[in-house]
Q: 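Dropping a structure here in structure tokens format, bear with me for questions.
Counting starts at 1 for both ligands and their atoms, following the listed order.
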Amino acid sequence: MGTTTRRTLIQTAVGGLALASTGLVGQLARAGLPQGTLDSALLESLPGKKPLIKRSYRPPNYESPLTAFADVITPNDQFFVRWHLMNIPEVDPREWRLSIAGDAAATPIEFSLEQLRNDFESVEVVAVCQCAGNRRGLSDPHVLGVQWGSGAVGNARWRGVRLRDLLARAGLRKDAVEVAFAGGDLPALESTPQFVKSLPAWKAVDENTIVAYEMNGEALPHWNGFPARLVVPGWAATYWTKQVTSIQALSRPLSGFWMNPAYRIPKGKFPLVDRFVSQESETNMPVTEILVNSLITSVTDGQRCPVGRPVVVGGLAWDGGSGIREVDVSVDEGRSWESAELGTSLGRYSFRAWRYAFTPHAKGQRIVMARASSVQGSTQTMELIFNGAGYHNNVAQRVALQVI
Ligand SMILES: Nc1nc2c(c(=O)[nH]1)N[C@H]1C(S)=C(S)[C@@H](COP(=O)(O)O)O[C@H]1N2
Ligand SMILES: [Mo]
């Protein structure tokens with residue numbers, strides 16, 4: 001990383017400290033200002049990114065503001081950023097190597113970026129990358145962890161090579177139970193475990209699981225895993241290892257902090273279909289696929305709307321890969337629901353746009369809500385399914401409009 005870049009980073013950090021010490025955000029929150037105002041008080045730029053909402057600086061955790069979701073494809077420079085560890089190297093693409101080994105790989109092998117680009121069929125998938133903890137900050141009661149609002153999610157067109165093609169070249173054996181992934185990032189303290197995650201073998205060899213070297217037609221941004229990252233369509237982003245350097249085919253389940261106790265949910269509490277059996281315990285299981293969800297993007301909390309004029313309630317919906325069947329909108333706080341019009345599908349792993357127009361005829365507060373349903377048959381919940389880590393928040397959103 002060049003000196004200019006580093007200076008920018010330091011200035012950003014100092015700006016963040018100043019903001020925290022004046023307690024501006026706290027004051028705004030106490031004044032009861034809408035979420036949009038609170039978020040804009042936290043806007044900050046990382047090098048190469050437009051302003052994002054800072055949740056922490058070291059490690060860098062920045063979520064996308066609502067403006068990033070104007071289109072079904074989230075622009076690279078507004079895509080959220082989430083890292084667990086402090087030391088994120090600047091990777092030289094000529095020196096970068098991806099090794100594939102492990103006790104369930106008969107012929108361990110290593111690839112350069114050139115080889116990934118030239119020696120394998122390149123494939124494309126549009127897929128939602130969502131942190132399992134998206135909306136954790138909205139959990140009631142409050143839970144520990146990065147206090148994400150609704151912006152730890154994004155949708156991109158990913159291009160790369162099928163993981164199963166790479167595994168085949170490494171001689172993947174039939175006794176492989178899991179495939180593990182490590183990136184280039186390292187902890188600041190030796191006592192902090194490296195970020196290593198695994199997938200069940202069946203998901204690793206799914207034709208849609210890829211090692212991506214392109215995002216929306218460009219190289220991946222540094223903050224989103226340059227030069228290559230895992231893309232696991234349908235599954236929570238914890239499995240989407242960035243700056244991936246090592247892949248291990250394993251005949252036994254992976255242990256380690258980031259598999260257990262991290263990213264665990266109580267068994268049987270969520271309507272999930274995909275199983276990660278080798279990691280399940282009596283009482284809990286790892287997060288797997290993304291729950292059906294939606295985001296209202298066309299109107300915001302506290303927005304003023306003139307009486308007698310049409311209001312468009314629109315946004316995005318997504319799920320864990322079955323596709324969106326329907327989005328229902330309520331303009332009377334959930335008493336009645338109408339179907340929204342769906343936009344073109346970019347594939348079952350993608351965000352899907354939707355919209356519904358109505359005309360308010362009376363002044364006063366108007367609560368609008370959206371609730372998506374998936375092809376697989378799940379619908380967003382009306383009440384939070386509470387869990388201690390604040391994962392999988394897919395409560396139907398409420399936005400209060402002021403009709404004037
Ligand atoms: N190497 C590495 N990859 C990682 C992580 C990490 O800390 N290190 N975090 C994961 C988690 S929890 C999330 S939510 C996504 C975030 O992807 P993004 O920063 O591109 O939005 O990266 C995943 N891949
Ligand atoms: Mo995450």
Q: Could you list the atoms of ligand 1 found under 4.0 angstrom from a heavy atom of Tyr263?
A: 12 (S)
Q: Suppose I only count heavy atoms of Cys131 and a 4.0 Å limit; which atoms of ligand 1 are within that range?
A: 14 (S)
Q: Considering only non-hydrogen protein atoms, determine which one is nearest to atom 24 (N) of ligand 1 and report residue, atom name and distance to 0.1 Å.
A: Trp240 O, 3.0 Å
Q: Before signing off on this row, confirm whether Phe80 and ligand 1 have an N or O atom pair separated by under 3.5 Å.
A: yes
Q: Looking at atom 4 (C) of ligand 1, what's its closest protein heavy atom, distance included?
A: Phe195 CE2, 3.5 Å
Q: With respect to atom 3 (N) of ligand 1, which of Gln130, His84, Lys242, Met215 exhibits the smallest heavy-atom separation?
A: Lys242
Q: Just heavy atoms, cut-off under 4.0 Å: does Asp185 contact ligand 1 by side chain, backbone, both, or neither?
A: side chain
Q: Got a salt bridge between Arg157 and Glu124, using NZ or NE/NH1/NH2 to carboxylate O under 4.0 Å?
A: yes
Q: Is ligand 1 under 4.0 Å from a heavy atom in the side chain of Trp83, in the backbone, in both, or in neither?
A: both
Q: Quick check on Ile404: does its CD1 atom have over 12 non-hydrogen neighbours (other residues, nucleotides or ligands) under 6.0 Å away?
A: yes
Q: Which atoms of ligand 1 have any heavy atom of Val81 under 4.0 Å away?
A: 19 (O)
Q: Would Arg135 and Trp148 count as a cation-pi pair here, with the cationic atom under 6.0 angstrom from the ring centre and within 45° of the axis?
A: no
Q: Check each of Ala262, Ala237, Pro221 against atom 10 (C) of ligand 1 and report the one with the nearest heavy atom.
A: Ala237
Q: Check ligand 1 against Asn224 and write out every atom of the ligand that is under 4.0 Å from a heavy-atom position of the residue.
A: 18 (P), 19 (O), 20 (O), 21 (O)
Q: Could you check Lys242 against Trp223 for side chain to side chain contact (heavy atoms under 4.5 Å, CB included), going step by step and ending with a plain yes or no?
A: CA-CA 9 Å; Lys242 295 188 281 188; Trp223 302 107; over 6 Å; no
Q: Out of Arg82, Glu63, Lys197, who gets a non-hydrogen atom closest to atom 16 (C) of ligand 1?
A: Arg82
Q: When you look at Gln402 and Arg366, which way does the side chain to side chain donor-acceptor pair (under 3.5 Å) test go after all the steps?
A: CA-CA 6 Å; Gln402 301 303 329; Arg366 195 78 188 250; over 6 Å; no
Q: Would Lys54 pass as a cation-pi partner of Tyr62, given that its NZ or CZ must be under 6.0 Å from the six-membered ring centre and within 45 degrees of the axis?
A: no
Q: More than 12 heavy atoms of other residues, nucleotides or ligands under 6.0 Å from CD of Gln365: is that the case?
A: yes
Q: Among all protein heavy atoms, pick the one closest to atom 17 (O) of ligand 1 and tell me residue, atom and distance.
A: Arg229 NH2, 3.0 Å
Q: Identify the residue among Leu342, Asn155, Thr344, Leu346 that makes a side-chain contact (heavy atoms from CB on, under 4.5 Å) with Arg352.
A: Leu342
Q: Using a strict cut-off of less than 4.0 Å between a Lys/Arg side-chain nitrogen and an Asp/Glu carboxylate oxygen, indicate whether Arg117 and Glu214 qualify as a salt bridge.
A: yes
